[in-house]
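Step one of this worksheet: look at the structure below.
Reckoned from all heavy atoms, side chains included, excluding hydrogens, waters and symmetry mates. Sequence lines set the chain letters: A, B, ... in the order given, protein chains first and strands last, and positions in each chain run from 1. Computed from a prediction, not measured in an experiment: that's the story for all the values here.
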Number of protein chains: 2
Amino acid sequence: MAKHDIGFAAVARLAGVSNATVSNTLNRPEIVAPATRERVLAAIEELDFVPNRAAATLRQGTNRLIGLVIPDIANPFYSAIARGVTEAAAEHGYTVALCVSHDDPHLELRHFEMLAEHRAAGALVAPLTADASRLAQLRRVGSRLVLMDRTAPEGTGCSVAIDDVHGGELAVAHLLASPAPASDRSIVLVNGDLAIPQCADRREGARNAFIAAGLDPDDLREVTVDEMTVDSGRIAGRRIAAETPRPTGVFCTNDQLALGVIRGLNDGGLAVPDEVSVVGYGDLALAADGRVPLTTVEQPKDELGRVAVEILLAELGADRAAHEHVTRTLEPHLVVRESAPLPA
Amino acid sequence: MAKHDIGFAAVARLAGVSNATVSNTLNRPEIVAPATRERVLAAIEELDFVPNRAAATLRQGTNRLIGLVIPDIANPFYSAIARGVTEAAAEHGYTVALCVSHDDPHLELRHFEMLAEHRAAGALVAPLTADASRLAQLRRVGSRLVLMDRTAPEGTGCSVAIDDVHGGELAVAHLLASPAPASDRSIVLVNGDLAIPQCADRREGARNAFIAAGLDPDDLREVTVDEMTVDSGRIAGRRIAAETPRPTGVFCTNDQLALGVIRGLNDGGLAVPDEVSVVGYGDLALAADGRVPLTTVEQPKDELGRVAVEILLAELGADRAAHEHVTRTLEPHLVVRESAPLPA
DNA sequence: TTGAAAGCGCTAACAG
DNA sequence: CTGTTAGCGCTTTCAA
């Protein structure tokens, strides 16, 4: 990279010091006499010297590199996390290695091997499937891991997650709060596979909202879709429009689904929000700009990424043995838009 | 990362070979006798040995690491590129360092310094602003660069771009092709700042379409917005709805703008596509799912990323001096949806 | 086909 | 506060 590869030796010679002093000016400037420091810095400038991190990594056994392992960078949920991660990492002088797993265990493992070869300081992982054995496999690599958007089982490691139970509760409480008495309301939950922890949590929150309102959670009507996409949402929306009693509110566990449901409801002759309110989840960019701006639960994705970095760095600082695993939970917020306005 | 840091020496001892042979087994297996190779591999397995890339990098002076430098990873255009880049890089055994510049020249420079310290093989850069001096500064770092979504000036380096002139032409040709004779049509271009090369190119394409249809390009009506957002689009849409003659088609140079324009047009009492057709640009996820599915120009973003990686790797393979700079141009495609349907 | 040996550039004791 | 020194683990001639 640097033209003619210059090392500490050349800088030291030009500055008239030893290379230990060059190292110190770079890594612990405070212990170097100001005058010496100036001379070294001048020599560095003069020679266009670029320190070689590979050498430092080799010597120290660890690299200021963090792996970010996610299923898909084009998915806005993950790319928002990635933004938080890159910002926080840059602030701390760490480089981020972007590893996209496409949720392929083989690929994911290869990424971990690469990170290990680079002697990465650790990795932030957002696994799509909860497969415990895979996570165990990951930890086996020995690297420090922080799980994102998933809670690590009992002291197996650090993690940051979003409180989806609370998010589900916010959504349904809002649907229940509208003018008519709660008992007259009929709410439908459109959800994905309950094996996905997020789906199960959001449902639990929805049921909690019923309980808090003095209703029987089993009165929550549920529709399950195979894929959490606009298209399946639309099909679900049509079906819901045809059912009786006509629902007063629909909570979809993601925004794509909600967008589809609104269309499906419209297809079936129901107006949103005039006849039915719809709440989504996730607050994707498309939420605000759909045919009806979506009321949705906003997840602090940026913060999730930032916090993951901070937890990892804290873990690195701690004594290997002394370290207590940390689990942080972030709170989502309701963003009220037209698809489910505030009660009048 | 590896438990107790094992090196070639330990593997060599266990396999009863020298460490040169271990190195060869890993890097040039074909020159090692099969029996020997087996023994080495077994020892590696046995010891859970993870090679140390820092050592290799130190020795070789270069790292199998590619920097991806973009203004914003949460922007779907860039995250789509990132997907192509990570896929292609992984296929070639390269690691991707994600560097988000927020279009801050300082930050960008710091990222380049980091890449240089890591002895990265090169960097793929998508600069938001075309500032030539900044690009020159980047090349000064000495690293191999490939510009993305921008054409490198005359032999200054490699680049991959999308043919936005052609894209603009596709969009307006489609608007002009609808049933009524071309001469009865009135087209409005809603565009951002012409100082942005993409905006200028798309406009040029739009004018080319007029010429191709035998019309005077100066008859293309133009509206310029400050920001290319949904909100400014909406304002522009309202203004356009109030103008006479009423336009038959509107071409917006990005999808956010198009979404806003549709709303603004609706606000002004014009139905899309019944009274006015609207074409966007970019084919973001939100294009398909807005209030009216958007006809738009799809940019091959994934491919842009993949091609950038390939160009970089080709450049690395070539002799430093012998290398000819490569400029590739990718063709966009029109995706026809409801906002501007095919002529009946 | 395999081995011996010389560093790559940096850090971290330790001594001065 | 600064210098000396001994590697970190790998690649790469050069010989055998």
Side-chain angles (χ1 to χ4, degrees), chain A residues 1-41 43-44 47-65 93 114 116-121, chain B residues 1-41 43-44 47-65 93 114 116-121:
Chain A
M1 305 292 285
K3 31 200 74 171
H4 206 32
D5 232 9
I6 300 298
F8 272 15
V11 176
R13 205 175 317 123
L14 180 60
V17 297
S18 72
N19 43 7
T21 300
V22 178
S23 178
N24 284 331
T25 13
L26 255 28
N27 303 313
R28 289 188 301 279
E30 66 283 1
I31 75 160
V32 176
T36 319
R37 196 194 310 155
E38 291 310 319
R39 245 178 322 130
V40 174
L41 259 16
I44 287 175
L47 294 172
D48 234 343
F49 165 69
V50 180
N52 186 332
R53 283 205 192 201
T57 298
L58 175 58
R59 184 58 228 253
Q60 300 182 130
T62 179
N63 201 340
R64 290 175 76 84
L65 178 73
M114 256 186 158
E117 292 180 13
H118 280 293
R119 299 301 187 259
Chain B
M1 305 291 284
K3 30 202 71 171
H4 208 25
D5 233 8
I6 298 299
F8 273 15
V11 175
R13 205 176 318 123
L14 180 60
V17 296
S18 71
N19 38 9
T21 300
V22 178
S23 178
N24 284 330
T25 326
L26 256 27
N27 303 314
R28 290 188 300 280
E30 66 283 2
I31 75 159
V32 176
T36 318
R37 196 196 307 155
E38 290 310 319
R39 247 178 320 132
V40 174
L41 260 16
I44 287 175
L47 295 172
D48 235 342
F49 165 69
V50 180
N52 186 332
R53 284 205 191 200
T57 298
L58 175 57
R59 185 56 226 255
Q60 300 180 132
T62 179
N63 200 342
R64 290 174 76 84
L65 178 73
M114 257 186 159
E117 292 180 13
H118 280 292
R119 300 300 187 260

Tell me, do Arg53(A) and Met114(B) make a side-chain contact under 4.5 Å, heavy atoms counted?
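Yes - at least one pair of side-chain heavy atoms lies under 4.5 Å apart.
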
Rounded distance (nearest 0.5 Å) linking atom [atom1] of [X] with atom [atom2] of [Y]:
X        : Y         : atom1 : atom2 : result
Thr21(A) : Arg39(A)  : OG1   : CZ    : 9.0 Å
Thr62(A) : His118(A) : OG1   : NE2   : 13.0 Å
Thr25(A) : Phe8(A)   : OG1   : CZ    : 7.5 Å

Grab the [atom1]-[atom2] distance between [X] and [N] for me, whole Å please.
X         : N      : atom1 : atom2 : answer
Asn24(A)  : dC1(D) : CG    : C1'   : 9 Å
Leu47(B)  : dG9(D) : CG    : C1'   : 15 Å
Phe8(B)   : dT2(C) : CZ    : P     : 15 Å
Arg39(A)  : dG3(D) : CZ    : P     : 8 Å
Glu117(B) : dG9(C) : CD    : P     : 15 Å
Arg53(B)  : dC8(C) : CZ    : C1'   : 18 Å
Arg37(B)  : dT1(C) : CZ    : P     : 10 Å
Phe49(A)  : dG9(C) : CZ    : P     : 9 Å

[X] near the nucleic acid: base, sugar-phosphate alone, or nothing, with a heavy-atom cut-off under 4.0 Å?
X        : answer
Ala33(A) : sugar-phosphate
Ala56(B) : sugar-phosphate
Val22(B) : nothing

Compare side-chain N and O positions of Gln60(A) against OP1 and OP2 of dA12(C) and report whether any pair is under 4.0 Å apart.
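Yes, such a contact exists.
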
Could you tell me whether the phosphate oxygens of dG3(C), OP1 or OP2, come under 4.0 Å of any side-chain nitrogen or oxygen in Thr21(B)?
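Affirmative; the distance criterion is met.
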
For Val50(B) and Arg119(A), what are the C-alpha separation, side-chain angles and deciding distance, and is it a side-chain contact (heavy atoms from CB on, under 4.5 Å)?
CA-CA 9 Å; Val50(B) 180; Arg119(A) 299 301 187 259; 3.6 Å; yes

Return the nearest nucleotide to the side chain of [X]; candidates are [options].
X        : options                  : result
Asn52(A) : dG9(C), dC10(D), dG3(D)  : dG9(C)
Ala55(A) : dC10(D), dT4(D), dG9(C)  : dG9(C)
Val17(A) : dT2(C), dG3(D), dG3(C)   : dG3(D)
Pro51(B) : dA12(C), dC10(D), dG9(C) : dC10(D)
Leu58(A) : dC10(C), dC10(D), dG9(D) : dG9(D)
Ile31(A) : dT2(D), dG3(D), dT12(D)  : dT2(D)
Ser18(A) : dT4(D), dT1(C), dT12(D)  : dT4(D)
Val32(A) : dG3(D), dG3(C), dT2(D)   : dT2(D)

Under the side-chain contact (heavy atoms from CB on, under 4.5 Å) rule, what do Ile44(A) and Leu26(A) come out as? Steps first, then yes or no, please.
CA-CA 10 Å; Ile44(A) 287 175; Leu26(A) 255 28; 3.6 Å; yes

Taking the nucleotide of DNA chain D with the nearest heavy atom to each, does Asn19(A) or Glu30(A) sit closer to the 5' end?
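It is Glu30(A), whose closest nucleotide lies nearer the 5' terminus.
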
